[in-house]
Amino acid sequence: MPPPAGHAASPAAATGTAAATSAAATRRLQWAPPGHASPAASVSQPWPCSRALLKMEVPRLLQVMLLAGAQSPSPSSAPCPPTATALGGSWATLPDHQVLPDHHISSEAGAIFVHELEPELFQETFLNGHEDDEAAPITFRAHLRGRPDLPRWLRLAQRHPHQPGYLYGCPTPAEVGTQHIEVLAYNRHTYQTAAQLLTITVIPAPGGEPPYQGEFLVGNRNVEEMLPAEAQEMFLAAAAAAWEQDELHIINISSALHRGARVPLPIEGRREGVYVKLGSHGAFSPCLASATSPQSRFRCSLGQQPLAHCYDTFAPHFSIHWCNLTLLQLRPSPTVPGPRWGSGVLEDGGDFQPPSEAPPQDLLPGFLVTLLVPLLVAALLCLLLGYLMCCRREGVQKRNLETSDIQLFHHSTIQGDSAELRQMAGSRDVPRPRSTLPMFSVRTGQRINPVPSPRDGARRPLLPQ
């Protein structure tokens, strides 16, 4: 019963009322999958909002449930309230997903492709649930539609969630065609997502592959610092002065980490390094040629700078590692004409002409070589073996003639004594040893005493009866 007007409720009653209200609200916030939800849960928290909560991480989900548990929802509230606040907590926005319009891009094979993912474009689709005006951090992910990863020639670079992302790479002539890339942006504050489909059309290069290509290693830049158009134009202007050619274009930009370099120490001013590959139809300048000469390579092995006078063209914006300079001159490979294939259909009135038979060949020389050569080798081996076994024997008489008389007498004495001992052992008549006499018969089971005693004496058999 509520207290009468003009009287304040006691602290204990107020605490009990608040606890009951909070417990009721918490019970109403409980939800279950479709088909198993309670009536209270289906009224206060329908299944679509539960699906939205399931997309959130566990700590964020517990925070939303605790903050919403202290606020009793009204029947007129929305089925999935966007915000909830209590106990001095901040606003918690439920996740949402937006789809941006498709974007079509074209690129040439053999040239650098760079597409900047602007965070401002994706932030316009997110609901701003924070009181401050700071831009929410966004993390980009990209993959080929229907595949888990990007194509081999395409990479995604984003250094920090507050910085833009870049899709970059160099498509090869084998990649000519259309590829669909799905880009997904994550709002790190509200867990909202926004998706956009990029359609990249790769066309063949009109001038073909440039015959002169050079690759520079820039040591004071990261890959995302070389991808903007301003940085590329600045590098092309510096390279044109060293190359002494105006018609230069960037073929590819890749991070040194992707080429086997080590991650730099977390010190201010340290960079990963970027490989920039340029192409031109003009020949290399004498400065670049001298930087890759054998004398320059020898100086690089000693830790010195190579012989070149165009160092100042890149300073102070770009620090070039001249010992890593690579110059490549492509030469057109001669094309061998292949066989001309017909349609495979005979003309009207034409008959199939099978190939003529092969002329007869004389197989007798091959047969003789195959058969007679092994037989001849076997006969020679048999003659050699017979000569060694029959004609090379010494014989007993030849052996005795080559042996001294003392040795022959000693040998004959040993033979005579051995024969006499064998004759004496065969002519003696002695009883067999008792150890060899049978004690019992295995077949009949009869026992025989090997030590016979007098007939009038006691018998003590070896084995007990």
Side-chain angles (χ1 to χ4, degrees), residues 33 48 50-61 94-126 136-204 222-228 251-263 272 274-275 277:
S50 302
R51 293 178 58 186
L53 288 175
L54 283 175
K55 297 180 181 178
M56 304 177 63
E57 298 179 357
V58 175
R60 191 69 174 177
L61 179 60
L94 297 180
D96 195 7
H97 183 74
Q98 302 292 336
V99 179
L100 277 71
D102 298 349
H103 188 56
H104 297 268
I105 314 172
S106 62
S107 176
E108 293 184 1
I112 186 64
F113 167 79
V114 178
H115 176 68
E116 182 180 357
L117 302 176
E118 302 177 0
E120 295 79 7
L121 179 62
F122 293 88
Q123 286 176 358
E124 295 177 357
T125 62
F126 295 144
I138 296 177
T139 302
F140 293 100
R141 296 289 184 271
H143 61 90
L144 194 63
R145 187 174 65 177
R147 302 295 178 88
D149 204 353
L150 289 171
R152 292 181 299 177
W153 64 272
L154 195 61
R155 293 182 181 273
L156 174 63
Q158 185 185 14
R159 182 67 56 174
H160 193 269
H162 288 282
Q163 297 179 357
Y166 293 94
L167 285 171
Y168 68 99
C170 177
T172 60
E175 306 292 341
V176 173
T178 303
Q179 297 181 352
H180 302 278
I181 307 298
E182 294 182 356
V183 178
L184 192 63
Y186 295 89
N187 190 332
R188 307 293 295 221
H189 283 169
T190 61
Y191 297 95
Q192 292 176 308
T193 59
Q196 186 181 29
L197 180 64
L198 299 179
T199 303
I200 304 176
T201 303
V202 181
I203 60 177
N222 291 331
V223 64
E224 67 275 1
E225 298 175 354
M226 288 294 299
L227 295 177
I251 297 178
N252 194 11
I253 297 177
S254 58
S255 175
L257 299 182
H258 301 154
R259 305 283 292 271
R262 295 184 177 181
V263 179
E272 301 170 358
V274 184
Y275 282 94
K277 191 174 185 179

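Predicted, not measured: the structure shown is a model, and the values here were computed from it. Sequence positions, counted from 1, serve as the residue numbers for this chain.
- In this structure, Met226 CE and Ser254 OG are separated by 11.0 Å, a value rounded to the nearest 0.5 Å.
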For residues 137-148, which side-chain N or O atoms pair as donor and acceptor with protein atoms under 3.5 Å away, sequence neighbours left out?
residue	atom	partner	partner atom	Å
Thr139	OG1	Arg188	NH1	2.9
His143	ND1	Arg147	O	3.1
His143	NE2	Glu182	OE1	3.3

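- Rounded to the nearest 0.5 angstrom, Thr199 OG1 and Ile181 CD1 are separated by 9.0 Å.
- Scored by the side-chain contact (heavy atoms from CB on, under 4.5 Å) test, Arg152 finds Glu175 as partners (sequence neighbours excluded).
- The distance from the CD atom of Gln158 to the CD atom of Gln163 is 8.0 Å, given to the nearest 0.5 Å.
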> Please walk me through it: do Phe113 and Ile105 pass side chain to side chain contact (heavy atoms under 4.5 Å, CB included)?
Replying inline: CA-CA 10 Å; Phe113 167 79; Ile105 314 172; 3.6 Å; yes
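- Between Thr125 and Leu121, the closest heavy-atom pair is CG2-O, 4.1 Å.
- Distance check, rounded to the nearest 0.5 Å: NE2 of His160 to CD of Glu224 gives 12.0 Å.
- In terms of the ring pair (Phe, Tyr, Trp, His ring centres under 6.0 Å) criterion, Tyr166 has no residue partners (sequence neighbours excluded).
- By the side-chain hydrogen bond (donor to acceptor under 3.5 Å, both in side chains) test, Glu225 pairs with Arg271, sequence neighbours left out.
- The side-chain contact (heavy atoms from CB on, under 4.5 Å) search around Ala111 returns Glu108, not counting sequence neighbours.
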>> One pair to check against side chain to side chain contact (heavy atoms under 4.5 Å, CB included): Gln196 and Phe122. What are the steps and the verdict?
In response: CA-CA 9 Å; Gln196 186 181 29; Phe122 293 88; 3.6 Å; yes
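- Of all non-hydrogen atoms in Val274 and Ile253, the two that sit nearest each other are CG1-CG2, 3.5 Å.
- Here His104 pairs with nothing under the ring pair (Phe, Tyr, Trp, His ring centres under 6.0 Å) rule; sequence neighbours left out.
- Distance check, rounded to the nearest 0.5 Å: CG of Leu197 to CD1 of Ile200 gives 10.0 Å.
- Within the 4.5 Å cutoff, the side chain of Leu150 has heavy atoms near those of the Leu167 side chain.
- Listed by chain and residue number, Arg159, Ser255 satisfy the side-chain hydrogen bond (donor to acceptor under 3.5 Å, both in side chains) test with Glu272 (two or more places apart in sequence, or in another chain).
- The heavy-atom pair separating Gly169 from Asn252 by the smallest distance is C-OD1, 4.2 Å.
- For the pair Ile251 and Gly110, the tightest heavy-atom approach, listed with the atom from each and the gap, is CG2-O, 3.6 Å.
- Nearest heavy-atom pair across Tyr168 and Ala157 is CE2-CB, 3.7 Å.
- The distance from the CG atom of Leu198 to the CG atom of Leu154 is 9.5 Å, given to the nearest 0.5 Å.
- In terms of the side-chain hydrogen bond (donor to acceptor under 3.5 Å, both in side chains) criterion, Thr172 has no residue partners (sequence neighbours excluded).
- The two residues His189 and Ala136 make their nearest non-hydrogen contact at ND1-CB, 3.8 Å.
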>> side chain to side chain contact (heavy atoms under 4.5 Å, CB included) for Gln192 and Gln98? Distances and angles first, verdict last.
In response: CA-CA 8 Å; Gln192 292 176 308; Gln98 302 292 336; 5.8 Å; no
